[in-house]
Amino acid sequence: MKYLGIDPEKIKIGSFDFTCCEGCQLQLANKEDTLVDFLNLLEVVNFREISSYRGEDYDIALIEGAISRQDEVERLKRIREQAKVLVALGTCACFGGVNQIKNKFEIEDVVREVYGDDPVETLPVRKISDVVKVDLEIPGCPVSKEEVEKIVVDLVTGAEINFPKYPVCVECRRKVNTCVFDLGLLCLGPITRAGCGAVCTSGKTACIGCRGPAEEANYEEFRQVLKEHGFTPREARERIDFYGGLPEMVIDES
Amino acid sequence: MKVDMKIDVHHLTRVEGHGNIEIEVKDGKLKKARWAVVETPRFFEAMLRGMSHDLAPMLTARICGICAIGHGLASLRAIERAMEVDVPETAKVLRLLAKHGETLQSHTLHVFFLAAPDFFGVPNVLPLIESHPEIAGLAVRLKKAGNDLCDLTTGRPTHPVSLVPGGLSKAPEKHELKAIRRVLVDRIPDIEATAALFKTLSIPDFVRETEFVALKGEKDYPWIGGDLVSTDGVVKEEDDYRAMTNEYKEDFTTTKFTRLSRESFAVGALARVNNNFKFLEEKSRAAAEELGLTPVNHNPYMNNVAQVIECDHVIRESIKLIDRLLEMDLSDIRAEYRVRAGKGVGAVEVPRGILYHEYELDDQGLVVKANCIIPTTQNNANIHIDLSALVEQGLKEKKTDAEITHLSEMLVRAYDPCISCSVH
Ligand code: SF4
Ligand code: SF4
Ligand code: SF4
């Protein structure tokens, strides 16, 4: 059986990091219980963070991080040429992630704030799909290790990949959590795609939307909820804009 | 014989982030030995401006996927000091326990996955699974214990959920603490076996006299807050961290450099052990002596050993912390506080060394100005200067290109640099 032209017998995988914290790659090494089995299914040919071996013959490229410098653009394009399947791994790769908060400031101002009179090169932050074609996006800050393993196994075996269409709220209610709106917090669970197990709200903190928009999100209704709870547009916007994954959620300034 | 040598390690592997080693020798003389960080900066301090104080720890945790808890805690400490928040004792103990989980997870990742392959001459940890299954077993069990401890205390292993201004949003249940206590007790033989393993490995013989900087212990081995100390005898208050770091920038690298009494200094496990040896758990101290690690040790490769010793220490201390927590009221984990303007510094010992966050907040609790100084930033100049000394020594000992390359890579790795962190 072939999937996207790849012979599943000897699937080769490479992992590449760009502008990010490398926390998503780390999840791959973190699932200690099944790590060895998982690695047996694949041939890891390029994973700089944990291996000195550097092969250029990968089929699947996992791309972690956003793009914020010209040399990254060139490197990403080369990887795209080689990879049969290019996966954007994590919120930085899918939406720009926290890095894109930088884009609301002037670039010169940002550089001056951090480096003073010793400027360094930087571009406005872009998500991977702004630069090359992306075959599959796995969001999460960090990605959920269970989800990545499942998806990579599905990729290798050719099984269909399904993400939940419903929002985090559904998972959260299933866990019978206290709604954090009742604790006075602003939660993006109603408009954010589920799949993380509502990990933040289960810890009694608010969802800040790392997994991007839920297909079944009702933005109008959510705007009403925010108004009823008396959150200011500034408070709402800084959370909605935190990861860059919710551009459809517009807040009117009134 | 006149030797020419050109070593160029582009994007060094088995480190976190992107850096290059560049060495040039002409006619037997060292022309250049550089540790050049080429990571893309993310400009966190700029992004923090105007942000609500309760989002700041969430943002800064994303500086680093490995020491996210450390960043969260430094950020919280700075904010809580700025607003004069009194964090309940239970929350302090739980935060320290989370910190220990992170130290264990990060050190074992480094010792086994990143550094160990060099000692066995393999490209990564995978061949060790076949050739030395018992070592792979140690690695996996110790790292998992660290991750599970983070998971239990902060809600997940990477990027903590429940660390919030004032304390914690949620505490673990006592039965969960008892369960992880049993796991930690079972890890003691594992860490002892790891120390025994290190006794059989040959640590490269290289010494360069160095100033080491760490938090200053008062009664315990220090992790969160307090005075700053150096092995050259400098002592400063936490708020005076800028005088302890003295940042400056060189053209060939995107990270900043730092200095104190000499042209560079070092932070990290070795710096902590060198400054606070007497506060290690008794058994950890004995293990350190057994491995030839006593203060002040000036061999940077011994940082790997210091990490093993710290794992031993945090496992033993975590068990004691859990015993304390089991006697405490776990519902008292969060202080109410009034949002107000102020300035605060938070210094925290994260796996790779001392980390500083500083914020100025306005009366709405929004960040006006932020500054973060990362351990690897403090180590970069020292790595750079060590490299020159190492190559000089190698040339004297008539080492080959390949040997010098190998020793240089091992040297940089020994510092466990977190490059993406340092160029945040
Ligand atoms: S998505 Fe989050 S965890 Fe993953 S690399 Fe980006 S900041 Fe790190
Ligand atoms: S806490 Fe958030 S995710 Fe959970 S029910 Fe409330 S709004 Fe939905
Ligand atoms: S609860 Fe929200 S912010 Fe937290 S992991 Fe899930 S989607 Fe991301």
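In the text below, chain A, chain B and the rest are named by the order of the sequence lines, each starting its count at 1.
The part of A/Glu72 that comes within reach of chain B is its side chain, from C-beta onward, which places non-hydrogen atoms under 4.5 angstrom from that chain. Only the side chain of B/Arg156 comes within contact range of chain A, with heavy atoms under 4.5 Å apart. When heavy atoms are compared at a cutoff of 4.5 Å, A/Thr19 approaches chain B by way of both its backbone and its side chain. Only the side chain of B/Asp54 comes within contact range of chain A, with heavy atoms under 4.5 Å apart. Both the backbone and the side chain of A/Cys141 have a heavy atom closer than 4.5 Å to some heavy atom of chain B. Contacts between B/Leu366 and chain A at a heavy-atom distance below 4.5 Å involve the side chain alone, from C-beta outward.
Between atom CG of residue B/Leu104 and atom SG of residue B/Cys150 there is a gap of 8.5 Å, rounded to the nearest 0.5 Å.
Annotation: salt bridge (Lys or Arg N to Asp or Glu O under 4.0 Å) contacts of A/Arg78 (sequence neighbours excluded): none.
Ring orientation note: the planes of B/Tyr248 and B/Phe257 are nearly perpendicular, at an angle over 60° on the 30°/60° scale. Relative ring orientation between B/Tyr337 and B/His53 is described as perpendicular, the plane-to-plane angle rising above 60° on a 0-90° scale split at 30° and 60°. Note: B/Tyr359 and B/His357 have perpendicular aromatic rings, judged against thresholds of 30 and 60 degrees for the angle between ring planes.
The candidate with the highest count of non-hydrogen atom pairs below 4.5 Å against chain A, out of B/Ser52, B/Pro157, B/Ala370, is B/Ser52. Listed options A/Ile208, A/Asn103, A/Asp109 were ranked by heavy-atom pairs under 4.5 angstrom with chain B; first place goes to A/Asp109. Per-residue counts of heavy-atom pairs under 4.5 Å with chain A were compared for B/Met51, B/Arg62, B/Lys369, B/Glu45; the largest is that of B/Arg62. The candidate from A/Arg239, A/Glu238, A/Lys104 with the greatest count of non-hydrogen atom pairs under 4.5 Å with chain B is A/Glu238.
Panel note: side chain A/Thr91, backbone A/Cys210; a donor-acceptor pair is recorded below 3.5 Å.
Between the side chains of A/Thr205 and B/Lys170, no donor-acceptor pair of N or O atoms lies under 3.5 Å.
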